Number of protein chains: 10
Amino acid sequence: MDKPEMHHTLMAARARQKMSWDDLGHAVDRSPVWVASVCYGMNSAPPDIAQKIATALGLEDDALIEALKACPTKTWDGAIPQDPLIYRLYEVVGVYGPTLKDVIQEKFGDGIMSAIDFSMDVERVEDPKGDRVKITMNGKFLPYKSW
Amino acid sequence: MDKPEMHHTLMAARARQKMSWDDLGHAVDRSPVWVASVCYGMNSAPPDIAQKIATALGLEDDALIEALKACPTKTWDGAIPQDPLIYRLYEVVGVYGPTLKDVIQEKFGDGIMSAIDFSMDVERVEDPKGDRVKITMNGKFLPYKSW
Amino acid sequence: MDKPEMHHTLMAARARQKMSWDDLGHAVDRSPVWVASVCYGMNSAPPDIAQKIATALGLEDDALIEALKACPTKTWDGAIPQDPLIYRLYEVVGVYGPTLKDVIQEKFGDGIMSAIDFSMDVERVEDPKGDRVKITMNGKFLPYKSW
Amino acid sequence: MDKPEMHHTLMAARARQKMSWDDLGHAVDRSPVWVASVCYGMNSAPPDIAQKIATALGLEDDALIEALKACPTKTWDGAIPQDPLIYRLYEVVGVYGPTLKDVIQEKFGDGIMSAIDFSMDVERVEDPKGDRVKITMNGKFLPYKSW
Amino acid sequence: MDKPEMHHTLMAARARQKMSWDDLGHAVDRSPVWVASVCYGMNSAPPDIAQKIATALGLEDDALIEALKACPTKTWDGAIPQDPLIYRLYEVVGVYGPTLKDVIQEKFGDGIMSAIDFSMDVERVEDPKGDRVKITMNGKFLPYKSW
Amino acid sequence: MDKPEMHHTLMAARARQKMSWDDLGHAVDRSPVWVASVCYGMNSAPPDIAQKIATALGLEDDALIEALKACPTKTWDGAIPQDPLIYRLYEVVGVYGPTLKDVIQEKFGDGIMSAIDFSMDVERVEDPKGDRVKITMNGKFLPYKSW
Amino acid sequence: MDKPEMHHTLMAARARQKMSWDDLGHAVDRSPVWVASVCYGMNSAPPDIAQKIATALGLEDDALIEALKACPTKTWDGAIPQDPLIYRLYEVVGVYGPTLKDVIQEKFGDGIMSAIDFSMDVERVEDPKGDRVKITMNGKFLPYKSW
Amino acid sequence: MDKPEMHHTLMAARARQKMSWDDLGHAVDRSPVWVASVCYGMNSAPPDIAQKIATALGLEDDALIEALKACPTKTWDGAIPQDPLIYRLYEVVGVYGPTLKDVIQEKFGDGIMSAIDFSMDVERVEDPKGDRVKITMNGKFLPYKSW
Amino acid sequence: MDKPEMHHTLMAARARQKMSWDDLGHAVDRSPVWVASVCYGMNSAPPDIAQKIATALGLEDDALIEALKACPTKTWDGAIPQDPLIYRLYEVVGVYGPTLKDVIQEKFGDGIMSAIDFSMDVERVEDPKGDRVKITMNGKFLPYKSW
Amino acid sequence: MDKPEMHHTLMAARARQKMSWDDLGHAVDRSPVWVASVCYGMNSAPPDIAQKIATALGLEDDALIEALKACPTKTWDGAIPQDPLIYRLYEVVGVYGPTLKDVIQEKFGDGIMSAIDFSMDVERVEDPKGDRVKITMNGKFLPYKSW
């Protein structure tokens, strides 16, 4: 079973079970964002979590569990995203990229924020003028070193 | 004075004054990230803040203040960024874009996170295994509506 | 049922029923442009409207109604459109983009016209020298704010 | 004098004179959007209007008037615009392009809306939930014909 | 029946009937180039001509006639054509584009040649040094106007 | 003197002398389109014609004459043209490319129309419904041969 | 039978018959490079040669012979080739393009080498330091002419 | 002195001295194509040849000689060339690339023709039907090996 | 059997046999990286090695062995890779490309490192601060020569 | 002083002093590749090393030392490199990318080789059949983790 087939199987089961990403995150004791990324085929699950995801969705299938554990090839369509929700994030990177580089390197020295030793969360923040989306990214700072 | 000349003038003054973005944010009572984006020419400053930025950096120059207040044309080089610090953010958008879309729309319904009614912060989180960069994005949820 | 299959089903029914977009808009009490965009899979319908669209076209099918309600991934073919009708709109954005930015920001201050809190209509304007197409776009002004 | 130099001269004069696009449109008895597009070098002015624009801005300079009258080469930077205000218009064309094609061709038959025999206006519509931008495009319908 | 299937059906019938584009143009009383473009799915045929094309090729099929009448979505592969015959035309546009713009606008004023109110013909011109291809394009001049 | 400097010199002289392309074509006994392409730096002039162009424009300058005679490097900006007049020609190539290939190869066999052994003319055709632009291209047919 | 199917049929037969391109060239009395290009669907064969190719490969099939005779649409994958053997040729064009233009135009005057009235051969040149590939291209010089 | 300045200096001297590439090749005892590529800044000259080129053109300048000896960075404008002479070579690579790969690998086994251990010549071949350009490329075959 | 089918067959067998790339390299007496590249269809195997690979994986199939021996067309998806592991290598080439060019050409003179007469290895280097990946590339230096 | 000016200053001094990258690496006790990348403006030097580089090259200039210490913006020209030496490295990434991903992830689990916690060396390996270039890359393995 390849990642796209795994994704379709998981999405259908999630709809049948009416499990939200929060529910599924709870069930396997991981962040909903990370669990969703695993189900989208963009991260691999450790064996025990792969098992738990399958169980939570009522899908006890070895091929599916293997697919959850497999190292993904992380690619995406379109160098510039088009869907408005995703484009706005791309726009933030474009508009604020050099600003973030300067602010981060002033705080930490020359280096980057890892996108591998990395986690991310999404929260709904209530607001009388309209609720807000809060995205938190947390990555290890990796300094450049001389050699 | 156009935005690039304004940027160079401000960066040189900041170096002379040895003011960090935190210092400058403090001095004008705004977030360091937003102040940096203004100095990079990617946001416009309201008149009082434009005045305060100029004062804080010892640059009482009307042309500079006009430049700080002007509506910027927000463009960036390269559809795909190359600098590793900025590329990692682009990669996060590519790898996690559809995941974030699904998690956000499950929480809020059909719509997007605004990149205009939006704020962002950067923090240094101490960690014995290596300090971490924490970026928080906070944007109003905008629902699609029928008409 | 995914959005493309939904689209083909709806277009075939519309042809069978000889319902114009105006007719369908009437039947569900929404603008023909918005209804067409829903049928093209580029907007989601609220549950009651999804039901009404299906009824109006004689298609009482749960999978179809689910497809009408699903959040769409809004993507399009070709960064630069080729079909002459669509290209002319792209050309208008290219030729008049900076002009519109200046005129709008002079009227409203620094900010943008939302493409999410947005509606659009098309009218036929009779003219002895040849009838004219009138497209009206109406989007909320979103101001940039400091933080 | 080429179009970019003309543009800079006119923008500086407009700032000195504190004339809005509405003021300038009034002064020369044309739509503010069209006048702005002339000043941005994206349309040519007929001789009498070129003269009036120069007079209104206190710039009685033959080279400038020649530049206003010259046929422009209409090009723009970036196949995909980046500035958020302009990008949102591009996004509208992408998201709604096939929808508009279908709605227009159902109303008019096979053909297009001209971008040459074309006019456009921008209005501010007051709204208690936040004022709105209204853009109206009006182009002659051009039918395809057999030959 | 979509346009590609229509195209294949028509090409096969044309081969069976050994009808050249000249023959088919004659049979339906239209230019061979226009008839070919209809059969390639790049123009729509008025109802009577659609009927005549079908009859001339011995294909009395309602779905085919509907396909001939449908408004086409005019798109093509490759922003830059590769086939040498088509590339040479692209090269002519690149090499002579600004020349043609200048010559046409000197003759007509600011405006363009329409590609919609447009016709085109191809002739074989005998020449002892090698026969020549003569392509004639004929489009309405559309002037830009102020508004 | 390189081709761009030559072009600017010639255009300024042409404006001073109020010579149209037709006038200049007459003066040197060549087609106005070809003469314009030489002045745009996209064709080289034989020595006698280079001399005549210079004389007609009152520019007796050896460096200019050398520039007129030099073999041009024929390049253009933008794989896809943006100026509407030139874009419409590009669109014609895109929309009608495969049609023209089929019509030409049916008439001539496998081969192409040369863009080198090639000439082109522009005429104004009066028409009560609006004058028309007529462009005639004439290129030698080059057959593919086996070897 | 389209060109890709023709290609696969011919390659399979060639493998079964263990005929090299040299053998096949011999059998039909044409250059191996040209015969290979026909079998790759990038050139059309005159009727007698098409027949001979089919016979040489033991494939007496009218559809195949028609496919060999059909005018090909010459397109290729990737504006920049990736396979190292083909990329090296692309690199030669990039590195030596302006050099070749200058050398050829100095020898012949303003014009080009035809890629249509053109032939090409490949030879193996023995060399004690490692055998060498010799590619010979031979194309008619086409002069630009005034008109 | 960088390569572009070196190039301009050499081209001007060559024009003054009326030396063809053949003359210059003779003078330094190397192929005209290679000498031209050195003067275009696309190859480095060994010290003795650099000296001879300078002498032949009457340019005894150490900075020039250093520039001739320097390792070039070989880059070119445009992934797809536009000048017709160079484009035709690109087209040959596109049309015949897979053909050449098959013919060469059948003759030599898996490997490529080197573009580094490589030479090239251009000849004028007289022909009553129009003289021809003959380009010969000669590169070492490099076999892929297992390891 | 084409290369993609060969690849899938080999990967399934490798999983069934639980053979690592090291095991398979051992079994056929070649480097694991080279063997993996053969199984990915990016190198051809000499006959004896093709046979050994098939035997080691329990796949005695002539079509498979032919596929292993066939000359591959080496192409890849995406001019810029997206998978983070592969992108980091691309980034290294971008960041260090001119540095490597200078260091190598200072050591060797004008020329390149061959990617054909080339080998590569991957090792795991234990490190208390986190194990490291060591990639060694070894390619023949190919000097540019005059001709 | 910006990075490009710093680069030119350092390269000129290095030429005057006839210091190789090995010499300069020795003088500052760092790898020649890293020192070269600093001088190319693609890495920042710690203060003591910046001082030593300046001293070694006889350039005691504070602005230069500041430039050596500044965090670089790491960008490069051309998504696909053209210079043959650099292109060959790009080709290696394209041809062997998926192979390396598989071999590394089999050895280490899901994760990547860091391009930040990274070093690289170049050696000349003598070989009677032609000396070889050996490039060694050494990067920390970064595992993906669940969160």
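Here the structure is a predicted model, which means the values were calculated and not measured.
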* Give, for atom CE of J:Met11 and atom CE of J:Met6, the distance between the pair rounded to the nearest 0.5 Å. => 10.5 Å
* Asked: Does anything in residues 15-53 of chain J get under 4.5 Å of chain G by heavy atoms, and if so which residues?
  -> none
* Minimal non-hydrogen separation, J:Asp127 against J:Asp131, with atom names -> N-OD1, 2.9 Å
* **Reported NE2-to-CZ distance for the pair G:His7 and G:Arg14, which is rounded to 0.5 angstrom** => 9.0 Å
* Asked: In residues 99-118 of chain G, which residues are in contact with chain J at a heavy-atom separation under 4.5 Å?
  -> none
Name the atoms and distances for all side-chain donor-acceptor pairs under 3.5 Å in residues 135-143 of chain J, with sequence neighbours left out.
residue, atom, partner, partner atom, Å
J:Asn138, OD1, I:Arg132, NE, 2.4
J:Asn138, OD1, I:Arg132, NH2, 3.3
J:Lys140, NZ, I:Lys129, O, 3.2

* Who in residues 57-96 of chain J is close to chain G, using a strict under-4.5 Å heavy-atom cut-off? -> J:Ile80, J:Pro81, J:Gln82, J:Pro84, J:Tyr87, J:Arg88, J:Glu91
